[in-house]
> 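After the structure tokens below, expect a handful of questions from me.
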Amino acid sequence: MSSTSLTGVRGWRPSLPRRHVPVLVTLALLLVMYGIGVSQYRAFSNIQVVFNVFIDNGFLLVVAVGMTFVILTGGIDLSVGSVVAMTAMVSASLLRDGLPAALVLVIALLIGPTLGFLMGCAIHFFELQPFIVTLAGMFFARGMCTFISQSSIPITDGFWTAASQQRIGDPRGNFVSISVLIAFAVVLVAAYVLAYTRFGRTVYAIGGNPQSALLMGLPVGRTRIAVYTVSGLCSAIGGILLSFYTLSGAPLIAVGMELDVIAAVVIGGTVLTGGSGYVFGTVLGVLVLGVIQTLITFDGSLNSWWTRIVIGGLLFAFILLQRLIGIRFK
Amino acid sequence: NSDTGGGSGAGDKIVLGFSQVGAESGWRTANTTSIKEAAAAAGIELKFDDAQQKQENQIKAIRNFIQQKVDVIAFSPVVESGWDTVLKEAKDAGIPVILTDRAVDSPDKTLYKSFLGSDFVKEGRLAGEWLVEQTKSATGPVNIVELQGTTGSAPANDRKEGFANAIAANPNLKIIASQSGDFKRADGKQVMEQFLKANPKIDVLFAHNDDMGLGALEAITAAGKTPGKDIVIITVDAVKDGMQALADGKFNFIAECSPLLGPQLMELVKKVHAGEEIPARIETEETTFTQEQAKEALPNRKY
Amino acid sequence: MTGSQPILTMTGIRKTFPGVRALQDVDFRLFPGEVHALMGENGAGKSTLIKVLTGVYDTDDGVITLAGEQVAFTGPMQAAAAGVSTVYQEVNLCTNLSVAENIFIGREPRRLGAVRWGEMRRRARELLARLDLDLDVTAQLGTYSLAVQQMVAIARAIDVRARVLILDEPTSSLDAGEVAQLFRIMRQLRDQGIAILFVTHFLDQVYAVADRITVLRNGALVGEYRTGELPQFSLVEKMIGKELDVLERLDEQQKRTAVRPDETPLVDATQLGRKGAVAPFSLRIHAGEVVGLAGLLGSGRTEVARLLFGADRADHGQVAVRGSKASLRNPVQAIDHGVGFCSEDRRAEGIVPELSVRENMILAMQAARGWLRPIPRRRQDELVERYVKALSIRPANPDLPVRNLSGGNQQKVLLARWLITEPRLLILDEPTRGIDIGAKAEIQKLVVELSDGGVAVLFISAELEEVLRLSHRVAVMRDRTMVAQLDNDDSLDADRVMQTIASGTSNEEVQR
Amino acid sequence: MSAVAERLRPLTGHRLFWPALVLVIMILANTIYRPGFLSIEVKNGNLYGTPVDILRLSAPLMLVALGMTLVIATGGIDLSVGSLCAISGAIACVVISQAPDPNSLSTVFTALALAFGAALVLGAWNGVLVAVIGIQPIIATLILMVAGRGLAQLLTEGQIVTINSAPYRAIGLGHFLTLPLAIFIALAAALLVAALTRRTALGLIVESVGGNAEASRLAGIRSSRIIFLVYVVSAACAAIAGFMITANVSSADGNAAGLWVELDAILAVVIGGTSLAGGRFSLSGTVLGALIIQTLTTTVYAMDISPQTSLLFKAVVVIAVCLIQAPAFRAKFNRRRRSPRTRPAAAPREKEEVAA
Ligand SMILES: Nc1ncnc2c1ncn2[C@@H]1O[C@H](COP(=O)(O)OP(=O)(O)OP(=O)(O)O)[C@@H](O)[C@H]1O
Ligand SMILES: Nc1ncnc2c1ncn2[C@@H]1O[C@H](COP(=O)(O)OP(=O)(O)OP(=O)(O)O)[C@@H](O)[C@H]1O
Ligand SMILES: [Mg+2]
Ligand SMILES: [Mg+2]
């Protein structure tokens, strides 16, 4: 009965591009959107408009990168917006108290990961749902913000001011800020980690099937905790960038940012159930949101409520197209 | 300046980029409407952007205004701090900036040309002074509860401060409870319900805006008390519903905070564009209303 | 062959789940250089013992030693690090990752911490070649069938430099060729001194490869035996706990040719097909007829079944049910026409893990009745009790979440789900996979009974003997095409079916 | 001690024991802080007091959370409920405010019908996005969450629409049998949903779809139809909640009505013991969860806790309730407590019983 020869080669067409379809679709749609902007508004074609999208969304990008890790494991982190705000608040208040900038940076960069670590532990050891744990984390961090100060605190520290106002490139013409470079660095590191390290691959495995990952002998617990810590770290970096951006800490800043971030990650082609997606997609997702906003500002005729409706509508059109084109390609 | 204009080929119309906080209250909407109407009337092309209560969005909008090379930028800052970087970019691009409604705390006063808005401290003070006047003859303690606005916001802080300073004149006046109602009717009502249950004797309610006062009205009625009589109600803003309540005798006093900045703003824009010097701080024309004044004023109110 | 010292001992192992004593005072030893079969009925505790060993579950009591040292693994990661490599019962891989990664993740070849993708792919190809598999190692695992996934899982396990290799029912979804390939590798490894623990429900396989057998029954140890000293029937007796004539009964089944050319067929599919899944085929099934589907892995048997059930939408051809044209575009319509379908992938497409045994059983019937007409509790109890007994589902507590049942018992629950709907055509895709010998005989008996009672059955199984034993007719699949339909008369035997599969034609092809 | 524990086992083992305990503790803490907390008096022939307030104010949250429970049971989530509250409230108030006679019943019913219909349409929109087009629920409903608030403001033109309509007011403030009508409305909705899901097979079907959608489809359940349906139900619940919220202050505020209610609703559902992963759901748990959250809010106001610390307070309560309910946490806790006790001797002869 042995018929090994029969089980052998079967003509199986490799389906390589399939994984990349969502990202490619996003890219194409983004280009179309940019094209529309250029054709409609003259100043839109300035290269600085593109740079501004990066300058204005650098912190969002960094936070979204952290969120990508979490979502790739099939989790979610709702605390990011509050942690960003808390980091900015802590930096601002410590600087106001006269601590040296370097020390403040270290402290601010420790708080986010610590909270992330604790949330990761709660999720892993007590098997609580990430949504709830991070929601509690969100309440906690936001509570801390107003606890630190009820009104916004300006930052006058020399290092911060320099980082904020430094223009890289032609200072009179087209330039980017330091935040953009930091954001790019974070993106590159994250992409490398996800693609080339054992930790990164374990993140994907957990997203695919946590039970299997455990039975395959992967360090599921450690990785899961690490992922929330990474997200906390990214939020902390995002918070620092935001404090560069606004040169202040305000208790109600970045409210609802978590939803923008989640939307960016998903638009970038990462699946919320985990296991599939790329950092590069997340970059595109952030750009999509940025370009939508730029389009609306350039138009400059929308009422407050029409702004929301149009954002919702564009989001819908985008997701729908992405989905339909995605299906077609598969 | 046809080479500079935005997409619409502005000709020699002045282009104003205006970044609004959002549309979080009726007051804000009236403010927006006023600006839009005034711009149209003054022949100024308005680029309007709604920041949905987010500072990040306002900064982005200002950047985009700079890219579009508008002639003047005006905005109502969501928070006080954090504007230096982007204002510097505007300054470098040679675009003058006017603040409306709320101030910024930047030490560098050259970053903007002027501030146009209300004096919140004064509003609180006017409210307090009226109360002191009314309770001159009171012998026993007068118990006041306060419904604060959004915690940490400039109007809430300043109105609280102004009010507290004014009532210090009479030691009988005492604030026995003060809690944030977030400038919203539903919250104002919920907080007032708890005030009423925790404090058997409340004589005066000071609400930081009309909406919270209107919410509190309901709570007071439900508790079997008569607003305006059993409890004296003082609020700030003077939006239509508030004025109606005042005219109906349910409120006792309102310190006005006018949203109708549009015409004044357009004046300033024109002057700034023409290179004229303008004062660094301009206050909106505001008044106060008693019940009688409200009855008179009500038919002519625009919002 | 066996060394003097066991590499692994488990003594006095006890494990209780809420309401179930899964293991009680079980002792087990494993010697280097042996293949040791762990036998027992569904729910006997085999998988639990393995999971206790590798630290997936904590023990309630008991001692485990590995190479003389006491160990208590906290999880598969530690166990693997200590040289215990395991393939668990349900395929436990990540379908979203590539084949190569599934083999190597956790121990990828790296340079300076960076994964060396090229090297990994090359090594994956080599390893799969040892199992005689030629896959695109960069493709996502999920694009391959369950059987291929099973082979990949095995490849992953044998690559580890392990001292102990544990295989929990690795052969349940493999075909004969792949099994032979696996055994070749197992013998190789054994000769290198690796200790192999092997779980299967196929007695032939035990006798083909195992040196020693440990039998569990109801979570308790029955005994440890040398394979040569334990005849098949006494093995079965030990597993079942009473003397049974199962084996005889299995062989007694006779050829069941019954052609009813004059009747209108129950289901008549003409040129039914779906692009990319299966080429258009025509198939008639009469009431009371059992049609077997034979073919290699990936030959498209499952696709045929899914088309007939409307699980996938056909883009070609049509179906008539009892003479009148019917549309089977989704499961609801198929069920309306009295078709039932027991999927081969019970975890993804079968059970609803959170729900109780009872709810899982009545699900299909409830769906057919519509949500407005809940099945009365009394009727539920009646039905559930009947099928729990009929299929000897253990534990017999219908309110247990079905996820707590052993693999084989879950399969029985699924079967019960469809039997309860009293279908006219029941499609069984690998219904006996992972089912113990007693239960397998029960299911086969059931198929015969159903058919005698006028129910048509489409029977898919990797075991050709089983197909031949039960079917009136056998349809042969090859490369996603139905190449032949053979009457199961005296001239038909396994060899001829194999020939048909191999050549793609049969010399006396029966038309329809 | 342990005998008592044994006796209480069936009680402490009950699904709702821990959330209920937390609620009781919160009420106790309030009563200690302010002895009058629990006192109820009769005013104008109606009951009046903080407990009544809590019940009345929790009614909208309860409604939203009921719908959310079903959505979550199918493994989805509905972020748009807050916006739906705002839209339905806005439509009702705008219609009433423009009618010649805002006090007539027919005006109010027309307004309610229009608003309710619109909510159903929007719910169907969500349902189509998730069930038919297959967009992930969180994103699909995010669209309406963003755009919906804009719609509500569009309807009210950014103003707070104040109405003067006694019948409409009654939805939020009316009384029935001395208790606020809102309580009865929420209760009726809860009973209706409970009857719909537990007296019919709908509950089982929803749980099955949430547990394994593909398996359910193959068992003959129209999974996508069920998923579609729960979003419509959720929207309907949100609409009624929107009526209550706006009736409570007799005005529709497109921006503030139902702001962040989606988060509270999700919290209520989870505190009530329904898993966000889908599958099993508990309506009574959700009702309890809504009560806990409203009590928490009231506590913050009543105890003079400054609003900035209220979020910290909320974080602590949420984590505490979820922790004590988490099986993993309890297992760890129990093990530590039980370990000194010697294990009961094994009863090896019971072997055969297991098979039964
Ligand atoms: N996680 C669990 N929770 C509760 N009970 C469980 C759990 N896992 C297994 N059981 C029970 O333990 C017993 C032993 O199951 P186990 O999976 O070890 O059986 P098995 O011998 O592997 O059977 P099969 O041949 O069907 O795979 C069964 O009665 C099963 O219901
Ligand atoms: N050449 C191939 N190499 C590897 N896998 C293949 C190949 N062709 C098909 N497959 C896989 O096999 C599956 C189709 O097999 P299908 O389930 O139809 O066959 P089957 O005969 O029912 O097999 P099984 O015995 O596994 O049930 C597809 O999901 C596909 O991923
Ligand atoms: Mg098993
Ligand atoms: Mg198959």
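Lettering follows sequence order; numbering is per chain, from 1. Keep in mind that what you see is a predicted model, and the values were worked out from it rather than measured.
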> Short question: side chain of B:Lys47, backbone of A:Phe298 - any donor-acceptor pair under 3.5 Å?
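Answer holds: yes.
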
> Between A:Ser152 and B:Gln55, is there a side-chain heavy-atom distance shorter than 4.5 Å?
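A side-chain contact is absent here, since even the closest heavy-atom pair is not under 4.5 Å.
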
> Identify which part of A:Thr307 has an atom lying under 4.5 Å from any heavy atom of chain B, answering side chain, backbone, both or neither.
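For A:Thr307, heavy atoms of backbone and side chain both lie under 4.5 Å from chain B.
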
> Checking A:Asn303 against chain B: side chain, backbone, both or neither under 4.5 Å from a heavy atom?
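For A:Asn303, heavy atoms of backbone and side chain both lie under 4.5 Å from chain B.
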
> Go through B:Thr32, B:Asn57, B:Leu46 and name the one with the most non-hydrogen pairs under 4.5 angstrom from chain A.
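Highest number of pairs under 4.5 Å: B:Asn57.
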
> Side chain, backbone, both or neither: which part of B:Thr150 has a heavy atom under 4.5 Å from chain A?
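For B:Thr150, the side chain is the part near chain A, not the backbone.
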
> What part of A:Leu60 is in contact with chain B, defined as an atom under 4.5 angstrom from a non-hydrogen atom: side chain, backbone, both or neither?
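No part of A:Leu60 comes within 4.5 Å of chain B.
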
> Determine whether B:Gln67 and A:Thr297 make a side-chain contact, defined as any pair of heavy atoms from C-beta on separated by less than 4.5 Å.
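B:Gln67 does not reach A:Thr297 side chain to side chain.
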
> Please find the pair of heavy atoms, one from B:Glu56 and one from A:Phe59, that lie closest to each other, and give the distance.
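Reported closest heavy-atom pair: CG-CZ, 3.8 Å.
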
> Given heavy-atom pairs under 4.5 angstrom as the criterion, report whether the side chain, backbone, both or neither of A:Ile155 touches chain B.
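Neither part.
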
> Looking at B:Val79, B:Asp49, B:Asp84, B:Ile59, which one has more heavy-atom pairs under 4.5 Å with chain A than the rest?
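Heavy-atom pair counts peak at B:Ile59.
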
> Mind ranking B:Gln53, B:Lys36, B:Arg28, B:Gln20 by heavy-atom pairs under 4.5 Å with chain A and telling me who comes out on top?
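When all of B:Gln53, B:Lys36, B:Arg28, B:Gln20 are compared, B:Lys36 has the most.
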
> For A:Phe44, which atoms come within 4.5 Å of any heavy atom of chain B: side chain, backbone, both, or neither?
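Contact with chain B: none, neither part.
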
> If you look at every heavy atom in A:Ser304 and B:Ala23, which pair is closest and at what distance?
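A:Ser304 and B:Ala23 have their closest heavy atoms at CB-CB, 3.5 Å.
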
> Are the side chains of B:Thr85 and A:Leu247 in touch, meaning some heavy atoms are under 4.5 Å apart?
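They are in contact (side-chain heavy atoms under 4.5 Å apart), so the answer is yes.
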
> If only side-chain N and O atoms count, and only distance matters, is there a donor-acceptor pair under 3.5 Å linking B:Lys60 with A:Asn52?
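Short answer, no.
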
> Given a strict heavy-atom distance threshold of 4.5 Å, which part of A:Ile311 is in contact with chain B: side chain, backbone, both, or neither?
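Just its side chain gets close to chain B.
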
